[in-house]
Amino acid sequence: MPSTETWWRDAVIYQIYPRSFADADGDGMGDLPGITARLPHLRRLGVDAVWLSPFYPSPQHDAGYDVADYRGVDPRFGELGDADKLIATAHDLGLRIIVDLVPNHTSSEHAWFRAALAAAPGTPERERYIFREGRGTNGELPPNSWQSVFGGPAWERTADGQWYLHLFDVSQPDLNWDHPQVRTEFVDILRFWLDRGVDGFRVDVAHGLIKDADLTDWTAPATVLGGLEPVGPPPPMWDQEGVHEIYRQWRSVLDEYPGGRILVAEAWVQPEERLARYVRPDEMHQAFNFPYLEAPWSPKELREIIDSSLASNAAVGATTTWVLSNHDVVRHASRLGYPVGEKRRPGIGAGDPQPDTGLGLRRARAASLLMLALPGSAYLYQGEELGLPEHTTLADEHRQDPAWERSGHAERGRDGCRVPIPWEADAPSYGFGPADASWLPQPAIWAEYALDRQVDVPGSTYELYRSALAARREHGLGAGALAWEGLGPEALAFRNGAVLVVTNFGAAPVALPPGARVLLSSEPLDAGGRVPTDVTVWAVL
Ligand code: GLC
């Protein structure tokens, strides 16, 4: 077992999206008391820690990733005392709590940005953000050609004629990280939550804080969230050298606290060697492995990415992480229901080609079982333990993701993976809350995925995850090491300690070595005891 200080190296960390996990007060929006009441579910599932997406005061133009006050709780989600209760209850259950930190931008309703708008161009109030004069004869053109991640220009003009930078929504002005007050403020915010007992921070857009000094033109769309930037020199807004000194300073702050407090980078950066620079010994502890999430359902590509992830992290002494789903991407039970090699879709609507649900779930179960056998730390997204698919037929009038409007309705956005999750098949809002209310409508198929339809049901996705997490712990897979085995070009096979893991991607069934005793299997084996197509097996010899 890892010591307390290094608990994260092999941890399974479960992402809660507070709006959509559990609603205690019945207003249709999840909340902190709802989460606290449901924590025993996560204890029983067998995860080690929980990462909470933002719950801070916010106008909610980007579902809370537009923070107006970093030291509070939005009244929609509860109050500060509810956060304290949540942390204490989690700790009593043996679960650690990681909170989201959004340092690249604030909400336009943050006191600093209000002050900046109220002050004149050239005043100190404006220097905490990135204000510039426009181009053109009267400054009527944006200062450069950058595009917002959500679509449209990355600059907005203010009433007095200056422009400010917003890499995301217009309501998310980018902070100026060259300003000492910005740095001091965030160290203070870290301490505020560390003192309340949190075990770490997931750092939003960690590769974006520093922009190149000249704000050099860049016409390609900023592809973060929609995928990875092509390998090559980083664009002027991402992955600049200057970000690293910020994380070194934060690390030294975290290291003052006992118990292994961690920083996790959300950095859409490739190749893996570049990503590994965020987890050098004096920087962050982990970075989400988006190249793994982006890999197609193919043994060759998965093997390559697993190798390069393990090697690049080992080179800096870091642990590798694995992830298949989160609140920004189409859920993997739906993603894997499209033809292999298709580019990942930024959202799905009723008029789009629909995934093959059965195939998607079959592959998702195999993919999850493969991921949970890999050495390192794994991230799960709420609902994937139920095999939950994307809501692929959400009516457009319900869409709330700013990407939908800002892209001129070209991108349906991320609402389909954010729908409140089902707990009880026959209860109002499928047990999400006491009322029949849900901020995004839940599809009728939610009943069959509800937790109460899966608990103690052999072969259910929930029981598969629960058994996998128990076996992973028992066999020390997270802290283990991987050795490839050759079982043919259509299979991925490796040993991790005593456990043999086989995923079959091909049409023909794959035989296990003689004497193999099956521990777990994502679907039943065939009559000859062989591994069928799109199935993962864990066995001991
Ligand atoms: C991150 C979040 C995403 C958010 C964006 C802007 O990528 O995961 O949900 O929209 O940052 O804060």
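Remember, it's 1-based here, ligands and their atoms both numbered in the order they're listed.
Interface atoms of ligand 1 facing His105, defined by a heavy-atom separation under 4.0 Å, are 6 (C), 12 (O). Remark: ligand 1 atoms within the under-4.0 Å shell around heavy atoms of Phe150 are 10 (O). Heavy-atom proximity to Arg414, at under 4.0 Å, picks out these atoms of ligand 1: 3 (C), 4 (C), 9 (O), 10 (O).
Under a 4.0 Å heavy-atom criterion, Arg418 is in contact with ligand 1. Taking a 4.0 Å cut-off on heavy atoms, Trp268 fails to register as neighbouring ligand 1.
Geometric assessment of Arg345 against the ring of Tyr338 yields a positive cation-pi assignment under the 6.0 Å and 45° thresholds.
Not counting sequence neighbours, the partners of Val67 by the side chain to side chain contact (heavy atoms under 4.5 Å, CB included) test are Tyr56, Tyr70, Val102. Every side chain to side chain contact (heavy atoms under 4.5 Å, CB included) that Ile246 has, sequence neighbours left out, goes to Trp177, Arg183, Leu209, Ile210, Trp250.
Around CZ of Arg43, the count of heavy atoms belonging to other residues, nucleotides or ligands within 6.0 Å does not exceed 12.
Between the side chains of Gln60 and Arg19, at least one donor N or O sits under 3.5 Å from an acceptor N or O.
For atom 9 (O) of ligand 1, the nearest non-hydrogen atom from the set Val205, Asp328, Val203, Asp169 belongs to Asp328.
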